[in-house]
Amino acid sequence: MKELIQKLVAPSSPSGYENNVRDVIKAEVAPYADSVIVDALGNLIVTKGKKSTNGKRIMLSAHMDEIGIIATHVDKNGFVRFSNLGYLYPRNCVAAHVQFLSGVRGVIGVDALDDPSKQPSLDQLYIDVGASSREDCPVRVGDAGVFERPYIDLGKRVVSKALDDRIGCVLLIEALKQIKETPHELVFVFSTQEEVGTRGATTSAFRVDPDLGLAVDVTRTGDVPNTSKMEVSLGKGPAIKVKDGGMIADPRIVDWMVETAQKANLPYQMEILEGGTTDARVIQLTRAGVPSGCLSIPTRYIHSPAEMIDLSDIENSLALLLALLRNPVELK
Ligand code: CO
Ligand code: ZN
């Protein structure tokens with residue numbers, strides 16, 4: 001699975017510019033799918049299986065976009081000011097390498113701060129691409145880019161940019177490849193523009209009109225030094241979302257996930273995330289409402305250029321996903 005992870009984190013695809021990673025995913029899924037379409041917002045919608053009498057139409061969603069930057073101004077000395085595509089922590093940006101979609105590279109610098117003990121704001125940061133004037137700066141206002149950081153293999157854990165949420169995309173691809181029998185019509189949505197407000201999942205959920213919805217996305221952990229309380233750790237299994245900043249998961253979906261994990265003897269953790277949300281929020285709220293939940297992958301340093309996951313969590317998340325999708329679903 002490491003190979004596929006590495007392949008999926010490589011493309012530069014910030015919110016709104018998902019075409020690079022979409023091409024890679026499309027090539028992976030095409031041989032296993034009944035149908036593949038790209039909708040008006042760029043979502044890749046992949047179906048497999050037919051709804052049998054005891055089956056449901058299940059929408060699974062993982063977002064393709066990653067956090068990024070977009071140029072807002074080039075000053076007379078060729079320094080580029082930028083805005084965010086998705087939520088950026090300014091402290092994670094200082095000295096980071098960026099690459100624009102045009103291929104232009106640069107490094108992020110920071111203005112002198114009145115109070116250096118405080119973290120800078122985004123508008124105190126700039127990108128230095130090695131230019132010395134506006135005229136010789138190869139960046140134009142509106143150019144988008146992403147963080148650049150090599151993937152590193154730590155053995156049972158790996159570190160990369162864009163694991164939020166390419167790791168979710170990896171799980172959907174593997175589930176599609178490995179599932180043989182299912183009573184359900186499975187609709188795998190590789191969504192766009194999640195990081196700017198779950199926009200791709202909003203329109204794709206309306207199109208798919210599912211009976212059940214499940215997002216697969218990352219969640220933070222409470223197992224690093226001096227962090228705020230969070231009952232999720234790396235390496236202790238997939239997290240079953242109970243609640244986040246934008247959604248209360250349907251308790252029947254939570255029970256279904258917990259019981260399935262127990263029956264399959266898989267480790268799992270319960271997740272309550274104080275801030276942030278996932279595509280599941282908008283699946284739940286589409287049309288007249290859809291019972292929805294989320295399988296979360298424990299991840300450290302989310303929304304930094306160096307996110308970390310544990311491969312045992314990925315194996316166990318895939319096993320749980322397959323167990324969920326193989327059998328009929330009776331919500332109690
Ligand atoms: Co995110
Ligand atoms: Zn995400």
Side-chain angles (χ1 to χ4, degrees), residues 5 8-9 11-18 21-22 25 41-44 59-70 83-93 96 122 144-147 149 158-173 188-202 204-205 213-221 230 232 234 238-241 243-247 249 271-284 292-310 313-314 317 321:
I5 296 172
L8 254 74
V9 294
S12 302
S13 283
S15 308
Y17 303 85
E18 290 86 357
V21 66
R22 188 175 55 231
I25 296 174
L41 263 77
N43 296 295
L44 181 68
M59 171 171 167
L60 299 134
S61 189
H63 65 92
M64 296 186 287
D65 58 314
E66 67 193 284
I67 51 169
I69 48 106
I70 187 159
S83 182
N84 57 308
L85 291 170
Y87 187 78
L88 296 183
Y89 298 93
R91 63 167 188 271
N92 289 340
C93 296
L122 268 192
V146 296
F147 292 102
R149 188 70 67 92
V158 300
V159 178
S160 175
K161 65 128 174 135
L163 283 168
D164 176 10
D165 185 26
R166 304 289 165 73
I167 193 61
C169 296
V170 166
L171 284 169
L172 293 201
I173 293 168
F188 299 85
V189 175
F190 300 88
S191 67
T192 57
Q193 300 191 39
E194 190 271 351
E195 298 291 2
V196 291
T198 53
R199 295 177 192 169
T202 303
S204 51
L214 214 54
V216 179
D217 206 338
V218 301
T219 193
R220 64 175 286 263
T221 65
M230 172 89 185
V232 173
L234 228 56
I240 295 171
K241 191 183 293 290
K243 177 188 179 297
D244 65 22
M247 179 185 77
E271 177 208 359
I272 295 180
L273 179 69
E274 302 282 355
T277 195
T278 70
D279 283 348
R281 169 188 165 81
V282 294
I283 304 174
Q284 187 178 47
S292 299
C294 178
L295 191 160
S296 296
I297 301 114
T299 306
R300 288 181 183 166
Y301 321 119
I302 290 179
H303 286 211
S304 86
E307 299 171 332
M308 182 189 289
I309 54 164
D310 187 297
D313 291 333
I314 308 313
S317 296
L321 206 49

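When reading the values below, keep in mind they use all heavy atoms of this one structure, side chains included, and skip hydrogens, waters and symmetry mates. For ligands, and for the atoms within them, numbers begin at 1 and follow the listed sequence.
Counting all heavy atoms, side chain and backbone alike, Tyr17 lies closest to Ala144 at CE1-CB, 3.7 Å. Contact detail for Ile302 and Asp164: the closest heavy-atom pair is CG2-OD2, 3.9 Å. Across Glu18 and Gln193, no two heavy atoms sit closer than the pair OE2-N, 2.9 Å.
Here Asp165 does not reach the Co ion (ligand 1): none of its N/O/S atoms is less than 2.8 Å from the metal. At a cut-off of 2.8 Å, His303 is counted among the residues with an N, O or S atom near the Co ion (ligand 1).
Taking the Co ion (ligand 1) as reference, the nearest N/O/S atom within Glu195 carries the name OE2. Asp164 has its closest N, O or S atom to the Co ion (ligand 1) at the position named OD2.
In this structure, the side chains of Lys161 and Glu307 stay at 4.5 Å or more apart for every pair of heavy atoms.
No donor-acceptor distance shorter than 3.5 angstrom exists from the side chain of Ser13 to the backbone of Pro11, with no hydrogens or angles considered. Distance alone, capped at 3.5 Å, places no donor-acceptor pair between the Thr198 side chain and the Glu194 backbone.
A donor-acceptor pair shorter than 3.5 Å can be found between the side chains of Asp65 and Ser15. Inspection of the Asp217 and His63 side chains reveals an N or O donor paired with an N or O acceptor under 3.5 Å.
Protein N/O/S atoms found under 2.8 Å from the Zn ion (ligand 2), listed by chain and residue number: His63 NE2, Asp164 OD1, Asp217 OD1, Asp217 OD2.
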